[in-house]
Amino acid sequence: MNSGMRCLVLATLLLASCVAEDDLGFEVTNPGEDGEYNDDPTEPVDMGEPEALEDPEEIILDGTIYSILNESDIFSMFFDAVKAAHLDAVLYREKVTLLAPTNEAINKYGGKRWNQTVDGAKKNIADYYGLRRIIMHHVIQPKLISRASIPHGSSLVARTMSGYKILFSHTRSKLFAEIFIGSNRTEVELSHEYNTTNGFIHQSEEMFFDTMDVIGGGTQLVPGMLVLILSGSWILLRL
């Protein structure tokens with residue numbers, strides 16, 4: 001490269017370095033009152049009032065999935081778990097389909113252990129994430145599924161927030177859900193449907209678990225896990 005070319009390149013670089021960086025989207029100095037730049041970065045600059053955060057009381061909850069669960073006694077145990085797992089915002093901000101287990105359904109699988117997990121989620125990370133996982137088995141997003149959305153005699157496949165496949169079928173004017181979680185397959189009739197402003201709630205008399213889901217400090221003994229334990233015990237006795 002000859003000396004003339006070198007001078008041209010150096011002049012170009014010098015000119016580029018003189019361009020104010022804020023013209024390129026970066027702010028490197030504090031602007032003064034007259035629009036001039038203040039060379040003293042330690043001098044405070046009035047940034048104005050901070051933008052107001054959204055007031056939780058201004059969020060419209062009426063008619064949402066959140067409000068239905070909050071006002072219903074039959075879903076109180078599940079709703080307590082949703083709040084403990086910090087998934088309650090999903091139920092008023094997002095469009096979802098929820099398969100909500102009743103208190104009776106939860107008690108069939110151990111209400112005491114369930115309550116221990118809900119309490120433990122506030123201070124125990126294992127209970128917290130275990131509870132979130134179980135709740136996510138019952139949430140379908142973004143599909144909104146109702147009886148009307150599935151023609152009579154037809155079926156529809158969706159996935160839960162936890163990633164498992166769930167099959168909805170509409171037969172004999174009844175809506176059924178069949179979910180495949182790990183090695184477990186659970187089918188339940190969805191007895192009642194609630195139409196809300198952000199989706200649908202289907203009342204379920206069953207809980208959906210993987211064999212490795214943990215509640216109350218111990219593994220939930222769903223049938224698949226119980227068979228595995230009994231088979232292992234029989235093998236050990238034969239040795």
Side-chain angles (χ1 to χ4, degrees), residues 59-85 87-115 117-118 131-162 164-181 184-210 213 215 220 222-223:
I59 298 172
I60 299 175
L61 298 177
D62 289 346
T64 62
I65 292 175
Y66 179 99
S67 68
I68 298 297
L69 293 187
N70 186 41
E71 296 165 4
S72 176
D73 292 335
I74 65 173
F75 300 122
S76 60
M77 294 177 72
F78 184 72
F79 187 55
D80 287 343
V82 168
K83 291 184 292 183
L87 287 171
D88 43 329
V90 173
L91 303 185
Y92 61 79
R93 291 188 184 276
E94 308 291 337
K95 298 287 187 181
V96 299
T97 301
L98 178 68
L99 308 184
T102 62
N103 293 347
E104 184 176 348
I106 293 175
N107 282 323
K108 284 195 302 185
Y109 286 89
K112 183 178 180 180
R113 280 184 291 173
W114 180 263
N115 290 332
T117 304
V118 171
L131 198 60
R132 283 178 67 92
R133 175 179 164 84
I134 292 171
I135 292 169
M136 289 166 66
H137 295 336
H138 299 78
V139 181
I140 294 94
Q141 189 186 35
K143 287 187 177 181
L144 299 183
I145 300 168
S146 66
R147 281 181 173 82
S149 67
I150 306 175
H152 182 73
S154 300
S155 59
L156 181 150
V157 176
R159 285 199 178 272
T160 66
M161 280 185 71
S162 54
Y164 290 105
K165 184 174 77 171
I166 183 166
L167 175 67
F168 290 88
S169 56
H170 190 182
T171 59
R172 300 185 303 276
S173 299
K174 296 179 180 180
L175 187 63
F176 295 88
E178 185 177 11
I179 188 168
F180 304 84
I181 303 179
N184 290 328
R185 170 183 167 275
T186 305
E187 184 177 16
V188 59
E189 178 186 345
L190 303 174
S191 57
H192 188 74
E193 181 179 290
Y194 301 79
N195 188 352
T196 76
T197 58
N198 66 317
F200 295 94
I201 303 172
H202 296 283
Q203 182 175 321
S204 173
E205 299 303 330
E206 288 289 340
M207 286 287 291
F208 304 135
F209 286 103
D210 189 353
D213 284 327
I215 65 170
Q220 175 65 37
V222 293

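FYI, side chains are in, hydrogens and waters are out, and symmetry mates aren't considered; it's all heavy atoms of this structure. All values derive from a computational prediction rather than experimental measurement.
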Determine whether the aromatic ring centres of residues H170 and F168 are separated by less than 6.0 angstrom. no

Spacing of CG belonging to L131 relative to OG1 belonging to T117, to within rounding of 0.5 Å: 6.5 Å

Only one of T197, T64, T196 passes side-chain contact (heavy atoms from CB on, under 4.5 Å) with Y92; say which it is. T64

Please evaluate residues E94 and V139 with respect to the criterion side chain to side chain contact (heavy atoms under 4.5 Å, CB included), reporting the C-alpha separation (whole Å), side-chain torsions for both, the decisive distance (0.1 Å), and the verdict. CA-CA 11 Å; E94 308 291 337; V139 181; over 6 Å; no

To the closest 0.5 Å, what do you measure between CD1 (I65) and CG (N70)? 13.5 Å

At their closest point, which heavy atom of D80 faces which heavy atom of V118, and how far apart are they? O-CG1, 3.9 Å

OG of S162 to CD1 of I134: how many Å apart, nearest 0.5 Å? 10.5 Å

Grab the two heavy atoms, one from I145 and one from A158, that are nearest each other, plus how far apart they are. CD1-CB, 3.9 Å

Which of parallel (below 30°), tilted (30 to 60°) and perpendicular (above 60°) describes H202 and F200? parallel

Looking only at non-hydrogen atoms, find the nearest pair between E205 and S191 and report the distance. OE2-OG, 4.4 Å

Quick one: pull up NE2 in H192 and OG1 in T102 and give me the separation to the nearest 0.5 Å. 13.0 Å

I181 side chain near F209 side chain, heavy-atom distance below 4.5 Å: no

For the residue pair E178 and S169, establish whether any side-chain heavy-atom pair is separated by less than 4.5 Å. no

Measure across L190 and S204 and return the closest heavy-atom pair with its distance rounded to 0.1 Å. CD2-CB, 4.2 Å

Between H138 and F208, is the ring centroid distance below 6.0 Å? yes

Within the supplied structure, the quantity of interest is the number of heavy atoms (other residues, nucleotides, ligands) at a distance under 6.0 Å from K108 NZ; does it exceed 12? yes

In terms of heavy-atom contacts, K143 and V157 come closest through NZ-O, 2.9 Å

Quick one: does N103's side chain have a donor or acceptor within less than 3.5 Å of a partner on D73's backbone? yes

I150 and S155, any side-chain heavy atoms less than 4.5 Å apart: no

For the pair W114 (side chain) and M77 (backbone), establish whether a donor and an acceptor sit closer than 3.5 Å, ignoring hydrogens and angles. yes

Distance, nearest 0.5 Å, that separates CZ of F78 from NZ of K83: 12.5 Å

Without swapping roles, check the side chain of E206 against the backbone of T186 for a donor-acceptor pair under 3.5 Å. no

Residue that, paired with Y194, satisfies side-chain contact (heavy atoms from CB on, under 4.5 Å) out of I201, L69, L98: I201

With a 4.5 Å cut-off on side-chain heavy atoms, are L87 and L91 touching? no

Is it the case that the side chains of T160 and H137 hold a donor-acceptor pair, with the cut-off being a distance below 3.5 Å and no angle test? no

Assess the residue pair Q203 and F75 against the criterion (side chain to side chain contact (heavy atoms under 4.5 Å, CB included)); give the C-alpha distance rounded to whole Å, side-chain angles, the decisive distance to 0.1 Å, and a yes or no. CA-CA 9 Å; Q203 182 175 321; F75 300 122; 4.0 Å; yes

Over all heavy atoms of both residues, which pair between T171 and H152 is shortest? Give the atoms and the distance, please. C-CE1, 3.8 Å

Does any non-hydrogen side-chain atom of F176 lie less than 4.5 Å from one of V188? no

About how many Å separate CD1 of I179 and CZ of R185, when rounded to the nearest 0.5 Å? 12.0 Å

More than 12 heavy atoms of other groups within 6.0 Å of E187 CD: yes

